[in-house]
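One structure below.
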Amino acid sequence: MREVIIGYQGEMSLKGLNRNQFESALMKILRYRLKDAGRFQVWCAQSTFYIEPEDDAADLDLAFARVSKVFGLAAVSRCAVCDKDFDAICAAAESYLGQALRQVKTFKVEARRADKSFPMTSPQLMRELGAFLLSRHPYLRVDVHQPDFKVIVEVRDRGAYVHGPKTPGEGGLPVGTSGRALNMLSGGIDSPVAAYRMAKRGLALDHIHFASPPYTSERARRKVIALAQRTTVYTGSCNLFIVPYTRPQECIRDNAPPMLFTVLMRRSMMRIAGQIAQRQGCEALVTGESLAQVASQTVQALRCTDAAQDLPVLRPLIGMDKTEIIETARRIGTFETSILPYEDCCTIFTPPHPKLRPTLGEVLEAEAAMPDLAALEAEAAASAQRLRIRIDDQTELDD
């Protein structure tokens, strides 16, 4: 029996005359994600993507796992393909789904006839196939409202596709179709979730991380690399820039009012990130900030932070609470890595009472008292280490 994977478009189908550009981008992504799973033929017809193995060596399990995490597909199915003949469809349904039907009490049949030359209408196919399956499984009962299992048949141009319930996909838009941005990856829970959510909107992402040795450790650095690797399952391969931030951070600590330290540090990081983003052709910065979650994320503090550089700052978590963010982090597989207890530079030198409502005037006045800061920031940006993080290089972080 021939088995294939079908991916269904979601939001992309609304793109009108531009849809072919999104489909081409998605096919390119699918082929790249599948290259180490074996040889597959990938094509698109009628708003549906087909992934068909070209030989027995192709790993369909790995391919399905990869495809289900590609942005742009609203749902995916693993299907048996047969001739567009009623007897062949019945045989395929029993052979492919019979074991699943033996484990449930109720079922329904859904049919879609995209090929109108097929002699049976969709209601006829549903009725007759349902009767056939009941004859093979007399203990079953039909429930068209809340069945335990669905048998789905799609009669399309190249054959009839038989499968069980569709697996929800990630939805969104293909990565890269909305431009490129630089994500500020701190090592905490929020920033990988921010990367996931912006990649879902079609942004290709690189990451930037600020390290302050000896205040931050090699383990903290490796933790961030591991987080970048975890996100590639969804975002694709990326660059990670690790910025040596010790000297700018010490300059702020030694010369600025303690209550303004956090917002001044955030502005400094934004300036460095802006320099690297423009050097890499990125069109925006992405942060994991959530409104009022900490002192540096009040409206007033965010206004001061945004004024530090000119690129748009995208904050996909701005209206989410911590519970929602943690739920997403668990689902995408970054939470356990994020909570490893290794310090990052955002948590060192934190004042006991940071100012919640700083004004831009007092922040600029504090920066004017640090004339060396701009040179230290330029030096840090120029010294950033670039690492290439690949989707096929998932590694575990040692304890």
Practice problem: On the 0 to 90° scale, with breaks at 30° and 60°, tag the His163-Tyr8 ring pair as parallel, tilted or perpendicular. | Solution: tilted
Practice problem: Assess the pair Tyr96 and Tyr161: is the distance between their ring centroids shorter than 6.0 Å? | Solution: no
Quiz item: Are Glu289 and Arg266 ion-paired here, with the side-chain N under 4.0 Å from a carboxylate O?
Solution: yes
Quiz item: Any idea which heavy atoms bring Gly288 and Ala194 closest together, and the distance?
Solution: CA-CB, 3.8 Å
Exercise. Start with the C-alpha gap between Asp190 and Arg197, add the side-chain angles, then the distance that decides, and say whether salt bridge (Lys or Arg N to Asp or Glu O under 4.0 Å) holds.
Key: CA-CA 11 Å; Asp190 302 341; Arg197 289 177 64 89; over 6 Å; no
Quiz item: In this structure, which one of Leu317, Val175, Leu314, Asn183 forms a side-chain contact (heavy atoms from CB on, under 4.5 Å) with Met198?
Solution: Leu314
Quiz item: Closest approach of Leu62 and Asp59, non-hydrogen atoms and distance?
Solution: N-OD1, 3.1 Å
Exercise. Verify the cluster assignment for Val286 and Val313: are they in a single hydrophobic cluster under the rule of side-chain heavy atoms below 4.5 Å apart?
Key: no
Quiz item: Cluster question for you: counting only ILVMFWY and a side-chain heavy-atom cut-off of under 4.5 Å, with indirect links fine, are Phe241 and Met270 together?
Solution: yes
Practice problem: Can you see which heavy atom on Pro165 is nearest to which on Phe149, and at what distance? | Solution: CD-CE1, 3.5 Å
Quiz prompt | Nearest heavy atoms of Arg113 and Met120, plus distance in Å | solution = CD-O, 2.9 Å
Quiz item: Going by an N to O cut-off under 4.0 Å, is there a salt bridge joining Glu170 and Arg331?
Solution: yes
Quiz item: Looking only at heavy atoms, what is the nearest atom pair of Leu373 and Pro248, with distance?
Solution: CD1-O, 3.9 Å
Quiz item: Minimum heavy-atom separation for Phe132 to Glu94, with atom names?
Solution: CE2-CB, 4.1 Å
Quiz item: Is a side-chain N or O of Ser237 found less than 3.5 angstrom from the main chain of Ile391, in a donor-acceptor match?
Solution: yes
Quiz prompt | Heavy-atom donor-acceptor pair, Ser268 side chain to Leu264 backbone, under 3.5 Å | solution = no
Self-check item: Residues, nucleotides or ligands: over 12 heavy atoms within 6.0 Å of Asp310 CG
Solution: no
Self-check item: Atom pair SG/CZ of Cys79 and Arg2 - distance to nearest 0.5 Å
Solution: 11.0 Å
